[in-house]
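Working notes for the structure below.
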Amino acid sequence: EAGVAQSPRYKIIEKRQSVAFWCNPISGHATLYWYQQILGQGPKLLIQFQNNGVVDDSQLPKDRFSAERLKGVDSTLKIQPAKLEDSAVYLCASSLGTAQETQYFGPGTRLLVL
Amino acid sequence: GEDVEQSLFLSVREGDSSVINCTYTDSSSTYLYWYKQEPGAGLQLLTYIFSNMDMKQDQRLTVLLNKKDKHLSLRIADTQTGDSAIYFCAERPGGSYIPTFGRGTSLIVHP
């Protein structure tokens, strides 16, 4: 079974630039999550999708971050414009359903904002 | 303070047992998890325990839960160099499907 795929694996940009990350969840998984993991900390949820609808985006800085999952499968997370403090690993995870206790994580995208 | 607290580092000798400790704050937590993160990789779910259990054993892993003290531990028997990684404790509060993670404990296994 293929795992959660993310791209790119690494990205370096200058502050005020834009960046987008892509995630392909495990086939058949209805729920998709984006987490931000700052160096030395645990992951923090940014947004949760159930199929193509948003379940929870309370922690998403909506002035600069946006995410979509148009067809209920792949998802993109965008930052525009980026700030220095956005440097982090962005992890995508998926689960079969919201009640499913197991979230499967992708390898993450490492973002460095200079 | 943090909702989930862990010590930052643990160093053990190969072949010894490792015990990683975690405390959490939400008494309504239904699930408690241990994740492993190897360098450059995402998080891998190692094991989880329901809040109505005291202990769970899975091969070399033993999870102990003290619900009264809100204390969770992960014991790795016969620790190997391949066990070197960051271990995250996480709680899933009642009424939520989203786990809250600790800052992670870096386990260093030396010969």
Side-chain angles (χ1 to χ4, degrees), chain A residues 1-10 21 23-26 29-50 53-60 88-112, chain B residues 1-9 20-26 29-53 56 58 63 65 72 74 85-107:
Chain A
E1 179 185 83
V4 177
Q6 291 188 246
S7 68
R9 292 297 308 275
Y10 305 92
F21 313 129
C23 172
N24 179 238
I26 292 173
H29 280 195
T31 308
L32 184 146
Y33 314 79
W34 282 103
Y35 288 86
Q36 180 192 58
Q37 186 180 18
I38 292 172
L39 187 65
Q41 297 183 19
K44 286 187 168 55
L45 181 74
L46 291 175
I47 188 167
Q48 176 191 351
F49 291 95
Q50 172 80 2
V54 175
V55 174
D56 184 352
D57 64 355
S58 57
Q59 300 301 310
L60 188 74
V89 177
Y90 291 85
L91 294 165
C92 179
S94 69
S95 65
L96 205 53
T98 53
Q100 174 57 255
E101 66 274 10
T102 303
Q103 293 185 22
Y104 296 88
F105 283 81
T109 296
R110 277 152 183 76
L111 173 67
L112 179 60
Chain B
E2 296 284 336
D3 293 331
V4 180
E5 292 194 357
Q6 307 176 235
S7 53
L8 292 182
F9 297 99
I20 304 172
N21 294 302
C22 167
T23 57
Y24 60 97
T25 56
D26 193 330
S29 291
T30 52
Y31 292 86
L32 295 129
Y33 308 88
W34 284 104
Y35 284 85
K36 177 182 180 182
Q37 187 176 36
E38 297 186 60
L43 275 72
Q44 172 197 355
L45 179 67
L46 280 180
T47 187
Y48 64 91
I49 189 168
F50 294 108
S51 58
N52 62 356
M53 297 169 65
K56 181 178 180 181
D58 184 2
V63 178
L65 174 61
L72 184 73
L74 174 69
I86 302 176
Y87 290 80
F88 290 93
C89 171
E91 63 168 347
R92 192 175 108 176
S96 170
Y97 299 114
I98 305 301
T100 300
F101 290 86
R103 296 168 71 98
T105 299
S106 291
L107 175 64

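Numbers restart at 1 for each chain; the letters A, B, ... are given by sequence-line order, proteins then strands.
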**Q.** Which residues share a ring pair (Phe, Tyr, Trp, His ring centres under 6.0 Å) with Y87(B), sequence neighbours left out
**A.** none
Q) Is atom CD of Q44(B) surrounded by more than 12 heavy atoms (other residues, nucleotides or ligands) closer than 6.0 Å? A) yes
Q) So what's closer than 4.5 Å to chain B heavy atoms on Q37(A): side chain, backbone, both or neither? A) side chain
Q.
Under a 4.5 Å cutoff for heavy-atom pairs, which residue among G106(A), A93(A), P107(A), C92(A) has the most contacts with chain B?
A. P107(A)
Q.
Between F88(B) and P43(A), is there a side-chain heavy-atom distance shorter than 4.5 Å?
A. yes
Q. Looking at S106(B), G104(B), C89(B), G40(B), which makes the most heavy-atom pairs under 4.5 Å with chain A?
A. G40(B)
Q.
Do P99(B) and Y35(A) have side chains that approach each other closer than 4.5 Å (heavy atoms only, starting at C-beta)?
A. yes
Q: Give, as side chain, backbone, both or neither, the part of E38(B) having an atom under 4.5 angstrom from any heavy atom of chain A.
A: neither
Q. To the nearest 0.5 Å, what is the distance between OG (S58(A)) and CD1 (I98(B))?
A. 9.0 Å
